[in-house]
There are 2 protein chains.
Amino acid sequence: MSTLPGPGRRRGPSKGDRRERAILETACTLLARKPLADITIDELAAGADISRSSFYFYFDSKLAVVVALLHGLTGELGRDSGPWLDGSGPDEAALRRSLTALAVLWRDQGRLISGALAAAPGCPPLAEWRAGLRAAHVDRLAARISRDRAAGLAPDGPEPRVLAGLVDDLRTAAFAAAADPEALVDDLVTVELRMLYGDFRIPHPIR
Amino acid sequence: MSTLPGPGRRRGPSKGDRRERAILETACTLLARKPLADITIDELAAGADISRSSFYFYFDSKLAVVVALLHGLTGELGRDSGPWLDGSGPDEAALRRSLTALAVLWRDQGRLISGALAAAPGCPPLAEWRAGLRAAHVDRLAARISRDRAAGLAPDGPEPRVLAGLVDDLRTAAFAAAADPEALVDDLVTVELRMLYGDFRIPHPIR
DNA sequence: TCATGGAATCGACACTACGTCGAAAAAATC
DNA sequence: GATTTTTTCGACGTAGTGTCGATTCCATGA
(Lines give C-alpha, C1' and ligand atoms only; values in the text may rest on other atoms or scores of the structure.)
Protein backbone atom coordinates (compact mmCIF):
# COMPACT_ATOMS: atom_id res chain seq x y z
CA MET A 1 0.00 0.00 0.00
CA SER A 2 2.41 2.71 1.16
CA THR A 3 5.88 3.20 -0.29
CA LEU A 4 7.79 1.70 2.58
CA PRO A 5 11.24 0.25 2.02
CA GLY A 6 9.96 -3.30 2.43
CA PRO A 7 12.06 -5.89 4.28
CA GLY A 8 14.07 -7.41 1.44
CA ARG A 9 14.08 -4.26 -0.66
CA ARG A 10 17.14 -2.03 -0.99
CA ARG A 11 16.02 1.61 -1.05
CA GLY A 12 14.11 4.28 -2.91
CA PRO A 13 10.82 3.93 -4.75
CA SER A 14 10.75 3.14 -8.42
CA LYS A 15 9.67 0.83 -11.19
CA GLY A 16 10.35 -2.34 -9.29
CA ASP A 17 7.40 -1.43 -7.13
CA ARG A 18 5.19 -2.81 -9.84
CA ARG A 19 7.07 -6.05 -9.56
CA GLU A 20 6.74 -6.16 -5.83
CA ARG A 21 3.04 -5.61 -6.22
CA ALA A 22 2.92 -8.32 -8.87
CA ILE A 23 4.52 -10.79 -6.51
CA LEU A 24 2.01 -10.01 -3.79
CA GLU A 25 -0.86 -10.33 -6.22
CA THR A 26 0.47 -13.59 -7.57
CA ALA A 27 0.62 -14.87 -4.04
CA CYS A 28 -3.00 -13.93 -3.47
CA THR A 29 -4.07 -15.53 -6.71
CA LEU A 30 -2.25 -18.74 -5.91
CA LEU A 31 -3.57 -18.78 -2.36
CA ALA A 32 -7.07 -18.78 -3.78
CA ARG A 33 -6.23 -22.07 -5.45
CA LYS A 34 -4.02 -23.95 -3.06
CA PRO A 35 -2.52 -23.89 0.40
CA LEU A 36 0.54 -21.85 1.20
CA ALA A 37 2.71 -24.89 1.72
CA ASP A 38 2.18 -25.92 -1.89
CA ILE A 39 3.34 -22.60 -3.32
CA THR A 40 6.97 -22.35 -4.40
CA ILE A 41 9.16 -19.36 -5.01
CA ASP A 42 9.40 -20.35 -8.66
CA GLU A 43 5.69 -19.88 -9.02
CA LEU A 44 5.73 -16.54 -7.29
CA ALA A 45 8.55 -15.35 -9.52
CA ALA A 46 6.95 -16.73 -12.65
CA GLY A 47 3.71 -14.99 -11.79
CA ALA A 48 5.56 -11.69 -11.62
CA ASP A 49 7.53 -12.40 -14.80
CA ILE A 50 10.91 -12.46 -13.22
CA SER A 51 13.44 -15.19 -12.64
CA ARG A 52 13.55 -17.05 -9.40
CA SER A 53 16.72 -15.35 -8.27
CA SER A 54 15.20 -11.96 -8.98
CA PHE A 55 12.51 -12.80 -6.51
CA TYR A 56 15.09 -12.47 -3.79
CA PHE A 57 15.65 -8.88 -4.73
CA TYR A 58 12.16 -8.16 -3.47
CA PHE A 59 11.62 -10.58 -0.64
CA ASP A 60 13.85 -12.66 1.56
CA SER A 61 11.66 -15.71 1.38
CA LYS A 62 8.19 -16.98 0.76
CA LEU A 63 7.27 -16.22 4.32
CA ALA A 64 8.38 -12.62 3.92
CA VAL A 65 5.68 -12.35 1.26
CA VAL A 66 3.22 -13.78 3.72
CA VAL A 67 4.25 -11.24 6.31
CA ALA A 68 3.73 -8.44 3.81
CA LEU A 69 0.32 -9.80 2.89
CA LEU A 70 -0.57 -10.08 6.54
CA HIS A 71 0.53 -6.53 7.10
CA GLY A 72 -2.25 -5.34 4.85
CA LEU A 73 -4.64 -7.43 6.87
CA THR A 74 -3.95 -6.44 10.43
CA GLY A 75 -6.36 -3.54 10.21
CA GLU A 76 -9.16 -5.83 9.13
CA LEU A 77 -8.55 -8.37 11.83
CA GLY A 78 -9.94 -6.31 14.66
CA ARG A 79 -12.65 -4.76 12.50
CA ASP A 80 -15.97 -4.22 14.27
CA SER A 81 -14.76 -5.77 17.48
CA GLY A 82 -14.63 -2.45 19.32
CA PRO A 83 -18.25 -2.28 20.43
CA TRP A 84 -18.10 -5.82 21.73
CA LEU A 85 -14.72 -5.67 23.43
CA ASP A 86 -15.26 -2.24 24.93
CA GLY A 87 -18.84 -2.91 25.96
CA SER A 88 -20.12 -4.94 28.86
CA GLY A 89 -22.62 -7.67 29.59
CA PRO A 90 -23.91 -10.31 27.18
CA ASP A 91 -24.33 -7.99 24.23
CA GLU A 92 -25.23 -10.61 21.69
CA ALA A 93 -25.59 -8.21 18.78
CA ALA A 94 -22.20 -6.64 19.27
CA LEU A 95 -20.53 -10.03 19.56
CA ARG A 96 -22.27 -11.18 16.42
CA ARG A 97 -21.05 -8.16 14.50
CA SER A 98 -17.50 -8.78 15.65
CA LEU A 99 -17.60 -12.45 14.74
CA THR A 100 -19.22 -11.78 11.40
CA ALA A 101 -16.40 -9.47 10.36
CA LEU A 102 -13.91 -12.10 11.44
CA ALA A 103 -15.73 -14.82 9.56
CA VAL A 104 -15.69 -12.78 6.38
CA LEU A 105 -11.98 -12.36 6.73
CA TRP A 106 -11.51 -16.07 7.19
CA ARG A 107 -13.72 -16.72 4.20
CA ASP A 108 -11.65 -14.45 1.98
CA GLN A 109 -8.20 -15.01 3.42
CA GLY A 110 -8.48 -18.35 5.11
CA ARG A 111 -5.60 -19.93 3.21
CA LEU A 112 -3.33 -17.03 4.00
CA ILE A 113 -4.22 -16.98 7.66
CA SER A 114 -4.07 -20.69 8.26
CA GLY A 115 -0.87 -20.91 6.25
CA ALA A 116 0.62 -18.21 8.41
CA LEU A 117 -0.53 -19.94 11.58
CA ALA A 118 0.92 -23.24 10.40
CA ALA A 119 4.27 -21.64 9.61
CA ALA A 120 4.39 -19.53 12.75
CA PRO A 121 6.36 -22.00 14.86
CA GLY A 122 9.68 -21.88 13.06
CA CYS A 123 9.31 -18.37 11.69
CA PRO A 124 9.85 -15.70 14.35
CA PRO A 125 8.17 -12.85 12.47
CA LEU A 126 5.06 -14.93 11.99
CA ALA A 127 5.13 -16.18 15.55
CA GLU A 128 5.33 -12.58 16.66
CA TRP A 129 2.42 -11.62 14.45
CA ARG A 130 0.32 -14.41 15.83
CA ALA A 131 1.28 -13.63 19.40
CA GLY A 132 0.50 -9.96 18.87
CA LEU A 133 -2.94 -10.68 17.50
CA ARG A 134 -3.72 -13.06 20.25
CA ALA A 135 -2.46 -10.73 22.92
CA ALA A 136 -4.50 -7.85 21.55
CA HIS A 137 -7.65 -9.91 21.69
CA VAL A 138 -6.92 -11.58 24.99
CA ASP A 139 -5.98 -8.34 26.72
CA ARG A 140 -9.17 -6.58 25.80
CA LEU A 141 -11.41 -9.56 26.36
CA ALA A 142 -9.84 -10.31 29.73
CA ALA A 143 -10.37 -6.71 30.77
CA ARG A 144 -13.98 -7.00 29.69
CA ILE A 145 -14.40 -10.16 31.71
CA SER A 146 -12.97 -8.48 34.79
CA ARG A 147 -15.28 -5.51 34.37
CA ASP A 148 -18.30 -7.74 33.97
CA ARG A 149 -17.42 -9.79 36.99
CA ALA A 150 -16.84 -6.73 39.11
CA ALA A 151 -20.22 -5.40 38.00
CA GLY A 152 -21.92 -8.68 38.83
CA LEU A 153 -22.76 -9.23 35.18
CA ALA A 154 -20.76 -12.40 34.74
CA PRO A 155 -20.20 -15.42 36.97
CA ASP A 156 -16.85 -16.17 38.45
CA GLY A 157 -14.70 -18.76 36.73
CA PRO A 158 -11.27 -19.23 35.18
CA GLU A 159 -8.76 -16.43 35.38
CA PRO A 160 -9.92 -13.77 32.92
CA ARG A 161 -6.82 -14.07 30.79
CA VAL A 162 -7.04 -17.84 30.65
CA LEU A 163 -10.70 -17.74 29.77
CA ALA A 164 -10.07 -15.11 27.13
CA GLY A 165 -7.29 -17.29 25.76
CA LEU A 166 -9.66 -20.22 25.47
CA VAL A 167 -12.16 -18.07 23.60
CA ASP A 168 -9.41 -16.98 21.23
CA ASP A 169 -8.25 -20.57 20.73
CA LEU A 170 -11.78 -21.66 19.99
CA ARG A 171 -12.35 -18.95 17.39
CA THR A 172 -9.17 -19.67 15.60
CA ALA A 173 -9.57 -23.42 15.61
CA ALA A 174 -13.21 -23.26 14.59
CA PHE A 175 -12.67 -20.88 11.72
CA ALA A 176 -9.59 -22.73 10.56
CA ALA A 177 -11.50 -25.98 10.44
CA ALA A 178 -14.72 -24.63 8.97
CA ALA A 179 -15.52 -24.99 5.30
CA ASP A 180 -17.89 -22.04 5.55
CA PRO A 181 -16.84 -19.71 8.39
CA GLU A 182 -19.90 -17.51 8.08
CA ALA A 183 -22.21 -20.41 8.75
CA LEU A 184 -20.52 -20.78 12.10
CA VAL A 185 -21.12 -17.30 13.43
CA ASP A 186 -24.44 -17.86 15.16
CA ASP A 187 -23.22 -20.95 16.93
CA LEU A 188 -20.01 -19.26 17.96
CA VAL A 189 -22.01 -16.37 19.38
CA THR A 190 -24.02 -18.75 21.51
CA VAL A 191 -21.01 -20.69 22.62
CA GLU A 192 -18.85 -17.70 23.47
CA LEU A 193 -21.64 -16.15 25.49
CA ARG A 194 -21.99 -19.38 27.36
CA MET A 195 -18.28 -19.53 28.02
CA LEU A 196 -18.38 -16.06 29.50
CA TYR A 197 -21.79 -15.82 31.10
CA GLY A 198 -23.23 -19.28 31.45
CA ASP A 199 -22.69 -20.61 34.91
CA PHE A 200 -24.58 -23.85 34.81
CA ARG A 201 -24.23 -24.32 38.54
CA ILE A 202 -26.51 -21.50 39.54
CA PRO A 203 -30.19 -22.20 40.33
CA HIS A 204 -30.89 -24.59 37.55
CA PRO A 205 -34.44 -24.16 36.22
CA ILE A 206 -33.77 -25.49 32.75
CA ARG A 207 -36.85 -26.13 30.64
CA MET B 1 3.49 -54.03 19.67
CA SER B 2 2.18 -56.89 17.52
CA THR B 3 4.15 -58.44 14.66
CA LEU B 4 2.19 -56.90 11.83
CA PRO B 5 3.79 -56.43 8.44
CA GLY B 6 4.06 -52.67 8.89
CA PRO B 7 3.21 -50.33 6.02
CA GLY B 8 6.61 -49.85 4.43
CA ARG B 9 7.91 -53.27 5.43
CA ARG B 10 8.33 -56.09 2.94
CA ARG B 11 7.25 -59.29 4.74
CA GLY B 12 7.92 -61.72 7.54
CA PRO B 13 9.18 -61.10 11.08
CA SER B 14 12.84 -61.25 11.90
CA LYS B 15 15.94 -59.52 13.15
CA GLY B 16 15.17 -56.27 11.45
CA ASP B 17 12.37 -55.92 13.96
CA ARG B 18 14.92 -54.64 16.40
CA ARG B 19 15.84 -52.01 13.85
CA GLU B 20 12.27 -51.03 13.29
CA ARG B 21 11.85 -50.67 17.02
CA ALA B 22 15.05 -48.68 17.18
CA ILE B 23 13.75 -46.25 14.59
CA LEU B 24 10.54 -45.76 16.52
CA GLU B 25 12.43 -45.25 19.73
CA THR B 26 14.81 -42.81 18.12
CA ALA B 27 11.82 -40.88 16.88
CA CYS B 28 10.41 -40.71 20.39
CA THR B 29 13.71 -39.62 21.82
CA LEU B 30 14.12 -36.89 19.25
CA LEU B 31 10.53 -35.76 19.67
CA ALA B 32 11.27 -35.19 23.31
CA ARG B 33 13.87 -32.66 22.26
CA LYS B 34 12.50 -30.93 19.19
CA PRO B 35 9.46 -30.62 16.97
CA LEU B 36 8.69 -33.16 14.30
CA ALA B 37 9.40 -30.74 11.49
CA ASP B 38 13.02 -30.43 12.62
CA ILE B 39 13.68 -34.15 12.55
CA THR B 40 15.29 -35.56 9.42
CA ILE B 41 15.45 -39.07 8.10
CA ASP B 42 19.21 -38.98 8.50
CA GLU B 43 18.77 -38.54 12.21
CA LEU B 44 16.27 -41.35 12.47
CA ALA B 45 18.56 -43.65 10.52
CA ALA B 46 21.61 -42.63 12.51
CA GLY B 47 19.74 -43.25 15.75
CA ALA B 48 19.04 -46.79 14.63
CA ASP B 49 22.60 -47.32 13.36
CA ILE B 50 21.70 -47.80 9.76
CA SER B 51 22.34 -45.75 6.65
CA ARG B 52 19.77 -43.32 5.41
CA SER B 53 18.81 -45.49 2.49
CA SER B 54 18.32 -48.46 4.78
CA PHE B 55 15.71 -46.44 6.59
CA TYR B 56 13.50 -46.82 3.55
CA PHE B 57 13.54 -50.54 3.99
CA TYR B 58 11.53 -50.06 7.16
CA PHE B 59 9.40 -47.01 6.52
CA ASP B 60 8.25 -45.15 3.45
CA SER B 61 8.86 -41.74 4.94
CA LYS B 62 9.17 -39.80 8.13
CA LEU B 63 5.42 -39.51 8.33
CA ALA B 64 5.05 -43.27 8.11
CA VAL B 65 7.03 -43.41 11.34
CA VAL B 66 4.63 -40.90 12.82
CA VAL B 67 1.68 -42.99 11.77
CA ALA B 68 3.23 -46.05 13.40
CA LEU B 69 3.87 -44.08 16.58
CA LEU B 70 0.33 -42.80 16.54
CA HIS B 71 -0.94 -46.31 16.10
CA GLY B 72 0.39 -47.20 19.51
CA LEU B 73 -1.38 -44.17 20.89
CA THR B 74 -4.92 -44.52 19.64
CA GLY B 75 -5.88 -46.67 22.56
CA GLU B 76 -4.73 -44.01 25.01
CA LEU B 77 -6.53 -41.21 23.27
CA GLY B 78 -9.99 -42.19 24.38
CA ARG B 79 -8.80 -43.41 27.77
CA ASP B 80 -11.18 -42.67 30.64
CA SER B 81 -13.62 -40.85 28.44
CA GLY B 82 -16.22 -43.61 28.59
CA PRO B 83 -17.94 -42.59 31.83
CA TRP B 84 -18.22 -39.02 30.64
CA LEU B 85 -19.32 -39.69 27.08
CA ASP B 86 -21.72 -42.46 27.99
CA GLY B 87 -23.15 -40.66 30.99
CA SER B 88 -25.58 -37.82 31.14
CA GLY B 89 -25.98 -34.43 32.75
CA PRO B 90 -23.22 -32.14 33.99
CA ASP B 91 -21.09 -34.85 35.54
CA GLU B 92 -18.14 -32.68 36.42
CA ALA B 93 -16.08 -35.47 37.94
CA ALA B 94 -16.38 -37.72 34.92
CA LEU B 95 -15.49 -34.91 32.58
CA ARG B 96 -12.48 -34.04 34.70
CA ARG B 97 -11.26 -37.60 34.59
CA SER B 98 -11.58 -37.69 30.85
CA LEU B 99 -9.77 -34.40 30.38
CA THR B 100 -7.06 -35.33 32.83
CA ALA B 101 -6.20 -38.43 30.86
CA LEU B 102 -6.10 -36.40 27.69
CA ALA B 103 -3.91 -33.75 29.29
CA VAL B 104 -1.42 -36.36 30.40
CA LEU B 105 -1.23 -37.66 26.87
CA TRP B 106 -0.60 -34.18 25.53
CA ARG B 107 2.01 -33.64 28.21
CA ASP B 108 3.88 -36.79 27.23
CA GLN B 109 3.25 -36.86 23.50
CA GLY B 110 2.48 -33.27 22.67
CA ARG B 111 5.21 -32.94 20.05
CA LEU B 112 4.08 -36.08 18.31
CA ILE B 113 0.43 -35.11 18.32
CA SER B 114 0.86 -31.53 17.26
CA GLY B 115 3.39 -32.58 14.65
CA ALA B 116 0.89 -35.04 13.30
CA LEU B 117 -1.86 -32.44 13.30
CA ALA B 118 0.36 -29.97 11.50
CA ALA B 119 1.28 -32.51 8.84
CA ALA B 120 -2.24 -33.86 8.44
CA PRO B 121 -3.27 -31.60 5.58
CA GLY B 122 -1.04 -32.95 2.86
CA CYS B 123 -0.71 -36.45 4.25
CA PRO B 124 -3.83 -38.56 3.69
CA PRO B 125 -3.07 -41.19 6.32
CA LEU B 126 -2.61 -38.53 8.95
CA ALA B 127 -5.65 -36.62 7.81
CA GLU B 128 -7.61 -39.82 8.11
CA TRP B 129 -6.27 -40.44 11.58
CA ARG B 130 -7.22 -36.97 12.68
CA ALA B 131 -10.65 -37.20 11.11
CA GLY B 132 -11.24 -40.57 12.73
CA LEU B 133 -10.34 -39.30 16.17
CA ARG B 134 -12.47 -36.26 15.78
CA ALA B 135 -15.41 -38.21 14.46
CA ALA B 136 -15.19 -40.68 17.32
CA HIS B 137 -15.34 -37.90 19.86
CA VAL B 138 -17.92 -35.82 18.06
CA ASP B 139 -20.24 -38.75 17.45
CA ARG B 140 -20.37 -39.77 21.06
CA LEU B 141 -20.51 -36.27 22.44
CA ALA B 142 -23.24 -35.26 20.02
CA ALA B 143 -25.26 -38.28 21.05
CA ARG B 144 -24.77 -37.30 24.67
CA ILE B 145 -25.95 -33.78 23.94
CA SER B 146 -29.06 -35.08 22.24
CA ARG B 147 -29.82 -37.36 25.15
CA ASP B 148 -29.38 -34.57 27.65
CA ARG B 149 -31.58 -32.23 25.69
CA ALA B 150 -34.28 -34.82 25.30
CA ALA B 151 -34.15 -35.42 29.04
CA GLY B 152 -34.38 -31.72 29.77
CA LEU B 153 -30.91 -31.76 31.30
CA ALA B 154 -29.32 -29.38 28.83
CA PRO B 155 -30.56 -26.21 27.17
CA ASP B 156 -31.21 -26.06 23.48
CA GLY B 157 -28.54 -24.56 21.27
CA PRO B 158 -26.36 -25.34 18.27
CA GLU B 159 -26.84 -28.59 16.42
CA PRO B 160 -25.40 -31.31 18.64
CA ARG B 161 -22.77 -32.29 16.11
CA VAL B 162 -21.70 -28.71 15.58
CA LEU B 163 -21.49 -28.02 19.28
CA ALA B 164 -19.57 -31.23 19.81
CA GLY B 165 -17.22 -30.18 17.05
CA LEU B 166 -16.58 -26.87 18.75
CA VAL B 167 -15.80 -28.65 21.99
CA ASP B 168 -13.36 -30.87 20.15
CA ASP B 169 -11.75 -27.92 18.42
CA LEU B 170 -11.35 -26.12 21.70
CA ARG B 171 -9.70 -29.07 23.41
CA THR B 172 -7.25 -29.61 20.64
CA ALA B 173 -6.36 -25.96 20.24
CA ALA B 174 -6.06 -25.39 23.96
CA PHE B 175 -3.86 -28.39 24.61
CA ALA B 176 -1.75 -27.70 21.56
CA ALA B 177 -1.10 -24.14 22.72
CA ALA B 178 -0.62 -24.91 26.39
CA ALA B 179 2.83 -25.13 27.90
CA ASP B 180 1.41 -27.24 30.72
CA PRO B 181 -1.70 -29.10 29.57
CA GLU B 182 -2.49 -30.46 33.00
CA ALA B 183 -2.79 -26.97 34.44
CA LEU B 184 -5.59 -26.35 31.99
CA VAL B 185 -7.85 -29.19 33.00
CA ASP B 186 -9.93 -27.44 35.63
CA ASP B 187 -10.60 -24.48 33.43
CA LEU B 188 -11.47 -26.67 30.49
CA VAL B 189 -13.90 -28.58 32.68
CA THR B 190 -15.66 -25.37 33.61
CA VAL B 191 -15.70 -24.07 30.08
CA GLU B 192 -16.90 -27.27 28.46
CA LEU B 193 -19.71 -27.58 30.98
CA ARG B 194 -20.70 -24.04 30.21
CA MET B 195 -20.67 -24.72 26.50
CA LEU B 196 -22.99 -27.65 26.99
CA TYR B 197 -25.17 -26.66 29.93
CA GLY B 198 -24.82 -22.95 30.47
CA ASP B 199 -27.69 -21.11 28.92
CA PHE B 200 -27.06 -17.57 30.05
CA ARG B 201 -30.46 -16.46 28.86
CA ILE B 202 -32.44 -18.34 31.45
CA PRO B 203 -33.63 -16.52 34.59
CA HIS B 204 -30.46 -14.71 35.35
CA PRO B 205 -29.98 -14.32 39.09
CA ILE B 206 -26.23 -13.97 38.97
CA ARG B 207 -24.66 -12.84 42.18
C1' DT C 1 28.14 -78.67 4.29
C1' DC C 2 26.86 -75.85 1.25
C1' DA C 3 23.60 -73.89 -2.21
C1' DT C 4 19.78 -71.00 -2.28
C1' DG C 5 16.57 -67.44 -1.61
C1' DG C 6 14.72 -63.98 1.14
C1' DA C 7 16.09 -60.30 4.55
C1' DA C 8 18.83 -56.44 5.16
C1' DT C 9 22.35 -52.98 3.83
C1' DC C 10 24.42 -49.56 1.30
C1' DG C 11 26.47 -46.30 -2.28
C1' DA C 12 25.43 -43.80 -6.13
C1' DC C 13 22.16 -41.32 -8.47
C1' DA C 14 18.30 -38.11 -9.64
C1' DC C 15 15.22 -34.66 -8.11
C1' DT C 16 13.18 -30.54 -5.85
C1' DA C 17 13.49 -26.49 -3.43
C1' DC C 18 16.06 -23.11 -1.21
C1' DG C 19 19.29 -19.24 -0.89
C1' DT C 20 23.82 -16.69 -2.43
C1' DC C 21 27.08 -14.37 -5.44
C1' DG C 22 28.97 -11.66 -8.81
C1' DA C 23 28.59 -10.00 -13.24
C1' DA C 24 25.82 -7.68 -16.49
C1' DA C 25 21.86 -4.95 -18.34
C1' DA C 26 18.50 -1.08 -17.66
C1' DA C 27 17.12 3.18 -15.64
C1' DA C 28 17.67 7.16 -13.45
C1' DT C 29 20.61 11.11 -12.41
C1' DC C 30 23.57 14.74 -13.10
C1' DG D 1 26.85 10.82 -22.22
C1' DA D 2 29.21 9.51 -17.97
C1' DT D 3 28.12 7.84 -13.62
C1' DT D 4 25.59 5.78 -10.23
C1' DT D 5 21.81 3.13 -8.66
C1' DT D 6 18.29 -0.23 -9.53
C1' DT D 7 17.11 -4.46 -11.36
C1' DT D 8 17.96 -8.91 -13.55
C1' DC D 9 19.81 -13.29 -14.14
C1' DG D 10 22.72 -17.53 -14.60
C1' DA D 11 25.76 -20.33 -12.11
C1' DC D 12 26.70 -22.33 -7.96
C1' DG D 13 26.35 -24.65 -3.37
C1' DT D 14 23.35 -26.80 0.09
C1' DA D 15 19.97 -29.76 2.34
C1' DG D 16 16.70 -33.05 2.24
C1' DT D 17 14.01 -36.57 -0.15
C1' DG D 18 13.30 -40.92 -2.50
C1' DT D 19 14.85 -44.78 -5.94
C1' DC D 20 17.75 -48.47 -7.92
C1' DG D 21 20.73 -52.11 -8.37
C1' DA D 22 24.44 -54.51 -6.45
C1' DT D 23 25.97 -56.70 -2.49
C1' DT D 24 26.15 -58.97 1.98
C1' DC D 25 23.98 -61.56 5.59
C1' DC D 26 21.81 -65.48 7.32
C1' DA D 27 18.51 -69.27 8.07
C1' DT D 28 16.89 -73.28 5.91
C1' DG D 29 16.74 -77.77 4.16
C1' DA D 30 18.73 -81.01 0.64
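Values in this document were obtained by computation on a predicted structure and should not be read as measured data. A note on names: the letters A, B, ... follow the listed sequences, proteins ahead of strands, and every chain is numbered from 1.
- In this structure, CG of L36(A) is placed 11 Å from P of dC18(C), rounded to the nearest angstrom.
- Which of dA17(C), dC20(D), dT8(D) sits closest to the side chain of T40(A) comes down to dA17(C).
- In this structure, L63(A) places its CG atom 14 Å from C1' of dA17(C), rounding to the nearest Å.
- Nearest to the side chain of I50(A), among dT8(D), dT17(D), dA8(C), sits dT8(D).
- Using a 4.0 Å cut-off, some side-chain N or O of S51(A) falls inside it from OP1 or OP2 of dC9(D).
- Whole-Å rounding puts the R18(B) CZ to dT9(C) C1' distance at 14 Å.
- Taking 4.0 angstrom as the limit, Y56(B) places none of its side-chain polar atoms (N or O) nearer than this to OP1 or OP2 of dT9(C).
- Nucleotide dT17(D) holds its P atom 9 Å from the CD atom of E43(B), rounded to whole Å.
- Note that the CG atom of L166(A) and the CD atom of E159(A) stand 12.0 Å from one another [nearest 0.5 Å].
- At whole-Å resolution of the value, CD1 in I23(A) and C1' in dT7(D) are 12 Å apart.
- Counting to the nearest Å, the C1' atom of dA17(C) and the CG atom of L44(A) are 13 Å from each other.
- Atom-to-atom, CG of D38(B) to P of dA15(D) comes out at 15 Å; the value is rounded to the nearest Å.
- For T29(B) and T26(B), the side-chain atoms include no donor-acceptor pair closer than 3.5 Å.
- Residue R19(A) places at least one side-chain N or O closer than 4.0 Å to OP1 or OP2 of dT8(D).
- The base of dG18(D) sits within donor-acceptor range of the side chain of R52(B), with an N or O pair under 3.5 Å.
- The nearest whole Å value for the distance from the CG atom in D42(A) to the P atom in dC18(C) is 6 Å.
- In terms of phosphate contacts, S54(B) brings no side-chain nitrogen or oxygen within less than 4.0 Å of OP1 or OP2 of dA8(C).
- Salt bridge R107(A)/D180(A): absent, no basic N to carboxylate O contact under 4.0 Å.
- In this structure, of dC20(D), dG18(D), dT7(D), it is dC20(D) that holds the atom nearest to the side chain of S53(B).
- Comment: D80(A) does not engage R97(A) in a salt bridge, judged by the lack of any side-chain N to carboxylate O separation of less than 4.0 angstrom.
- The cationic group of R144(A) lies under 6.0 Å from the six-membered ring centre of W84(A) and within 45° of the ring axis, placing it in a cation-pi geometry.
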